[in-house]
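Working notes, structure below.
We count residues from 1, following the sequence as given.
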Amino acid sequence: MSDSKDCYSLHNLLHNNTQAKEYYMGLPDYVQGMLRQRTYEIHTEEELKKYSEVLLNSY
């Protein structure tokens with residue numbers, strides 16, 4: 001079941017959005033790693049921030 005959003009992964013977001021990349025690069029390594037595991041669930045800068053805030057508050 002392929003969704004059109006699948007082509008928009010974390011990798012593409014970071015490649016195309018300088019602000020999102022700067023935010024991501026400022027996160028701790030463990031958070032970056034956990035976000036990479038969810039790469040196909042993150043399509044926007046808002047989703048990136050939402051996931052990272054959950055991770056930062058969980059550990």
Side-chain angles (χ1 to χ4, degrees):
M1 182 183 327
S2 180
D3 186 295
S4 62
K5 275 186 148 183
D6 285 349
C7 63
Y8 298 107
S9 66
L10 175 61
H11 173 78
N12 289 336
L13 174 65
L14 299 178
H15 181 75
N16 295 313
N17 183 324
T18 304
Q19 195 170 343
K21 183 174 183 176
E22 288 175 2
Y23 177 82
Y24 176 82
M25 296 304 292
L27 294 168
D29 290 341
Y30 76 94
V31 174
Q32 290 182 19
M34 295 177 93
L35 291 170
R36 282 192 303 269
Q37 292 176 358
R38 297 178 180 271
T39 189
Y40 294 109
E41 297 174 30
I42 302 171
H43 310 102
T44 66
E45 187 175 349
E46 293 77 26
E47 289 174 339
L48 170 64
K49 289 180 178 181
K50 180 185 79 171
Y51 275 110
S52 62
E53 288 172 12
V54 167
L55 293 169
L56 287 167
N57 290 323
S58 297
Y59 294 94

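Across all their heavy atoms, Ala20 and Leu13 have their closest contact at CB-CG, 4.0 Å. Closest approach of Glu45 to Asn17, counting heavy atoms only: OE1-ND2, 3.4 Å.
With hydrophobic clusters built from ILVMFWY side chains whose heavy atoms lie under 4.5 angstrom apart, Val54 does not share a cluster with Tyr23. Leu56 and Leu35 end up in the same hydrophobic cluster when Ile, Leu, Val, Met, Phe, Trp and Tyr side chains are linked at under 4.5 Å.
Note that OG of Ser52 and CD of Gln32 are 10.5 Å apart. Values are rounded to the nearest 0.5 Å. Here the NE2 atom belonging to His11 is positioned 14.0 Å from the CD1 atom belonging to Ile42, to the nearest 0.5 angstrom. Rounded to the nearest 0.5 angstrom, Thr18 OG1 and Met25 CE are separated by 12.5 Å. Taking CG of Leu14 as the start and CD of Gln19 as the end, the distance is 12.5 Å to the nearest 0.5 Å. Note that CE of Met34 is 12.5 Å distant from CG of Leu27, once rounded to the nearest 0.5 Å.
Glu41 is linked by a salt bridge (Lys or Arg N to Asp or Glu O under 4.0 Å) to Arg38, counting only residues two or more places apart in sequence or in another chain.
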Please report the C-alpha distance between Leu10 and Tyr24 in whole Å, then the side-chain angles of each, then the deciding distance to 0.1 Å, and finally whether the side-chain contact (heavy atoms from CB on, under 4.5 Å) criterion is met. CA-CA 10 Å; Leu10 175 61; Tyr24 176 82; 4.1 Å; yes

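Not a single donor-acceptor pair under 3.5 Å links the side chain of Thr39 to the backbone N or O of Arg36.
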